[in-house]
> 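The structure under discussion is supplied below as structure tokens; questions concerning it will follow.
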Amino acid sequence: AAFILLAFVVICQAIPVILQAVEIKKSFAFKQETALVHKYQSAGYKVIQLMTANFDSPTWFVDHLGTELFSQCGPNSDKLKCFAYKSAYEEPNPAADAVFVHLPVYWHLSWNRETYPRRQSQLWLVESTESTTHSYCWSDFTSLELLDDWFNVTVTYKSDSVLQRPYRLFRSWHDLPYYGEYMREFRKAIDTNSADNSKNRLDEYRRAIERRANAKQTPAQVLWIVSNCESRSQREKYVRELSRHIPVDVFGPGCLGGRPDPCMKQGSRDSVAKAEGFQWLQDECYINLFKQYKFYLAFENSQCNEYITEKFWKWYRADKLFALDMVPVVRGATHAQYAQVAYSPESFIFAESFASPRHLAEYLKHLIDNSTPYMTHLEWKVALAEEFFRASDNKREWTERYKRWEFRPLLQFCSVCEHLHNDTYMRMENKGPAIKLSEWFHPMKDCWDRYEHKEVDRFFYKFPGCI
């Protein structure tokens, strides 16, 4: 007992010393950062501080920080003199010209906004690719009003963001034919050097799609890959009911009896989560797996306006647009919003158009048994191929027109750097930020998931509903 008491006393005496050492180290690091900021500013650079990581990426998913990343900002990159760095501690630096924060991390920071000596010209950017529902789940019910009138720039999937960061990889379908990677894959799928005229080659492409569709003979023709099974949209309940009326192959451990990932390599990390994003498309095993199915359930974890994620868009990657002939069954945003961004309203099946999962199952079974109506959901690919034929001769246009950085993590870096060097913009922003996140980013505004008062619904938010 005496030894335990002595150890307790020693620990208590050591804690203040340790805390003081941490503060000294922190102060030293802050002074070094400030000196670095001033060094680049004196050379004419604008400095961007990453106050938080972006999920598990300290560099916000770009390969390199510093000045190098701004050389990838398109035709005006030679004029963009900016420097970006990640702070050692999650506190803002008043000397920086702009501060970036990722909302799910920022919720829980303890720094005192009231005592922060913010310069009026300092831009603050807040980014989140999660739905408003999901983002709010991270807050542990922090009042959104605490974030009002602080940020100048919002970066989300919402079209009314200051900078919209869509999940899709292209600006519009009109631009798609001019994107070099798509053109190369198009030429692989259709022999554009053939002596046949374009109509004959399009007819052959249509027949090839139909042959591949008819060759799909697995017992289940509906596929769902899921990495978490307790969602705010209650998609798992919908799929459970759907599977009572039509076979659904579920890949995801612990979800509706889902089978293990058949393409998981020994020692790989969370391959089901990996498969749910873009990465699985790089693996030939997954490609061969998905060629066996006619339908894929692209069900979002939240039902919110404009929330259409990689679950839908991954099928439109350049290397898969012509290789995989699957029809996505979607549930998340509204039908009008899917129709607005898709190439054709026939290119997807909107689950909520049906009175129940049973009615959807009946329609899917009808398409499985009848190739003609099924092909109406793939005919858009032939129409798109026709556009590619018209664009294929203009190599210069389809290699230079597309500004790729607009749809990569570079978006916020390039755009904010442009803003910082734009005197007119900065004079307007010096009037003070006016974004009220409590009104603009509240889930009650944009989502229609099951809602109750946040205190009543606290358990659902903090646990299964917030996965």
Side-chain angles (χ1 to χ4, degrees), residues 52 54-55 60-61 98-107 123-139 142-173 231-233 277 298-314 316 330-342 348 350 352 403 405-416 418-419 425 429 433-449 451 461 465-466:
T52 72
N54 191 317
F55 289 116
W60 284 45
F61 302 103
V99 179
F100 284 15
V101 297
H102 184 230
L103 187 58
V105 179
Y106 180 76
W107 284 120
L123 294 185
W124 276 66
L125 176 146
V126 60
E127 188 262 16
S128 180
T129 54
E130 296 290 342
S131 69
T132 53
T133 303
H134 212 161
S135 291
Y136 189 53
C137 286
W138 287 81
S139 74
T142 300
S143 175
L144 285 169
E145 285 76 10
L146 295 177
L147 305 182
D148 282 348
D149 301 321
W150 188 259
F151 294 100
N152 310 81
V153 181
T154 52
V155 183
T156 77
Y157 60 90
K158 287 157 56 73
S159 59
D160 58 351
S161 304
V162 175
L163 299 174
Q164 186 188 17
R165 174 87 181 277
Y167 277 85
R168 55 183 166 160
L169 303 173
F170 43 87
R171 184 168 40 244
S172 72
W173 288 98
S231 66
R232 190 69 178 156
S233 65
F299 287 4
E300 304 294 351
N301 60 25
S302 303
Q303 290 184 282
C304 302
N305 280 322
E306 300 185 284
Y307 190 58
I308 303 173
T309 74
E310 79 287 343
K311 296 171 184 63
F312 177 75
W313 288 114
K314 62 188 170 188
Y316 299 99
V330 302
R331 185 173 180 265
T334 67
H335 182 278
Q337 288 163 354
Y338 279 105
Q340 184 178 18
V341 298
F348 62 90
F350 188 63
E352 302 283 291
K403 296 171 67 178
W405 64 266
E406 294 181 359
F407 304 94
R408 297 169 58 195
L410 287 172
L411 167 69
Q412 51 262 46
F413 291 100
C414 298
S415 298
V416 169
E418 288 180 349
H419 289 337
Y425 176 89
E429 286 303 315
I435 298 173
K436 292 191 179 295
L437 284 186
S438 62
E439 298 174 4
W440 181 77
F441 206 64
H442 199 287
M444 291 293 286
K445 176 178 180 285
D446 288 315
C447 303
W448 50 92
D449 295 317
Y451 268 101
Y461 260 115
C466 286

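All values below come from the heavy atoms of this structure, side chains included, with hydrogens, waters and symmetry mates left out. Just so it is clear, the structure is predicted and the values come from calculations on it, not from any experiment.
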> Side-chain contact test, heavy atoms from C-beta onward, threshold under 4.5 Å: evaluate it for Thr132 versus Asn305 and give yes or no.
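They are not in side-chain contact.
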
> Going from CG on Asp160 to CG on Asp446, what distance comes out if it is rounded to the nearest 0.5 angstrom?
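Asp160 CG to Asp446 CG: 7.0 Å, rounded to 0.5 Å.
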
> Val101 and Phe151: which non-hydrogen atoms are nearest, and at how many Å?
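Looking at all heavy atoms of both residues, the shortest contact is CG2-CE2, 3.4 Å.
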
> Evaluate the side-chain proximity of Ile435 to Val153: yes if any heavy-atom separation is below 4.5 Å, no if none is.
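Of all side-chain heavy-atom pairs linking Ile435 with Val153, none is under 4.5 Å.
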
> Could you state the interatomic distance from SG (Cys304) to CH2 (Trp448), rounded to the nearest 0.5 Å?
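One gets 6.5 Å once the value is rounded to the nearest 0.5 Å.
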
> Find out whether Tyr316 and Arg168 are in side-chain contact, i.e. whether some heavy atom of one side chain is under 4.5 Å from a heavy atom of the other.
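Side chain of Tyr316 against side chain of Arg168, heavy atoms only: no contact under 4.5 Å found.
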
> Do you see a donor-acceptor pair shorter than 3.5 Å between the side chains of Glu306 and Ser159?
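A donor-acceptor contact under 3.5 Å links the two side chains.
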
> Identify the heavy atoms of Phe312 and Ala342 that sit nearest to each other, and give their distance.
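Looking at all heavy atoms of both residues, the shortest contact is CZ-CB, 4.2 Å.
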
> In Å, rounded to the nearest 0.5 Å, how long is the span from CZ of Phe55 to CZ of Phe61?
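Rounded to the nearest 0.5 Å, the CZ-CZ separation comes to 7.0 Å.
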
> How close do Glu127 and Asn54 get, heavy atom to heavy atom, and via which atoms?
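It is OE1-ND2, 3.2 Å.
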
> List the steps, then state whether ring pair (Phe, Tyr, Trp, His ring centres under 6.0 Å) holds for Tyr307 with Tyr157.
CA-CA 7 Å; Tyr307 190 58; Tyr157 60 90; 5.0 Å; yes

> If the test is side chain to side chain donor-acceptor pair (under 3.5 Å), which one of Lys314, Glu130, Glu300 qualifies with Thr309?
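The residue from Lys314, Glu130, Glu300 that satisfies side chain to side chain donor-acceptor pair (under 3.5 Å) with Thr309 turns out to be Glu300.
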
> Does Lys158 make a cation-pi contact with Trp440, if we ask for NZ or CZ under 6.0 Å from the ring centre and within 45° of the axis?
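Pair Lys158/Trp440 counts as cation-pi.
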
> Could you work out, with side-chain contact (heavy atoms from CB on, under 4.5 Å) as the rule, every residue matching Glu352, not counting sequence neighbours?
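Counting only residues at least two positions away or on another chain, Glu352 forms a side-chain contact (heavy atoms from CB on, under 4.5 Å) with Tyr238, Gln303, Arg331, Phe350.
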
> Does the side chain of Glu418 come within less than 4.5 Å of Phe413's, by heavy atoms?
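SC-SC contact between Phe413 and Glu418 ruled out.
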
> So which heavy atom on Val155 is nearest to which on Leu411, and how close?
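That closest heavy-atom pairing would be CG1-CD2, 4.2 Å.
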
> If you measure only the distance, is there a donor-acceptor pair under 3.5 Å linking the side chains of Ser131 and Ser302?
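Ser302 and Ser131 do have a side-chain donor-acceptor pair below 3.5 Å.
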
> Can you find a side-chain donor-acceptor pair between Ser161 and Thr156 that sits under 3.5 Å?
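Yes - a donor-acceptor pair under 3.5 Å links their side chains.
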
> Any donor-acceptor pair under 3.5 Å linking the side chain of Trp60 with the backbone of Thr52?
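It does hold such a pair.
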
> Does Lys436 offer a backbone N or O that forms a donor-acceptor pair with the side chain of Glu439 under 3.5 Å?
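No.
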
> In Å, rounded to the nearest 0.5 Å, how long is the span from CG of Asn301 to OG1 of Thr133?
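One gets 8.5 Å once the value is rounded to the nearest 0.5 Å.
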
> Which atom names give the shortest non-hydrogen contact between Asn152 and Leu123, and what distance separates them?
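Smallest heavy-atom distance, with atoms named: OD1-CA, 3.4 Å.
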
> Going by salt bridge (Lys or Arg N to Asp or Glu O under 4.0 Å), name the residues that satisfy it together with Asp148, two or more places apart in sequence or in a different chain.
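In terms of salt bridge (Lys or Arg N to Asp or Glu O under 4.0 Å), with neighbours along the sequence ignored, Asp148 is linked to no residue.
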
> Can you sort out the partners of Lys445 under salt bridge (Lys or Arg N to Asp or Glu O under 4.0 Å), two or more places apart, ordered by chain and number?
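Not a single residue meets the salt bridge (Lys or Arg N to Asp or Glu O under 4.0 Å) criterion with Lys445.
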
> Please walk me through it: do Lys311 and Phe299 pass side chain to side chain contact (heavy atoms under 4.5 Å, CB included)?
CA-CA 7 Å; Lys311 296 171 184 63; Phe299 287 4; 6.0 Å; no

> Once you round to the nearest 0.5 Å, how far does OG1 of Thr129 lie from OH of Tyr167?
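Answer rounded to 0.5 Å: 3.5 Å.
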
> Restricting to non-hydrogen atoms, name the atom on Ser438 and the atom on His442 that form the minimum distance, rounded to 0.1 Å.
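Heavy atoms only, the tightest pair is O-CB, 3.4 Å.
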
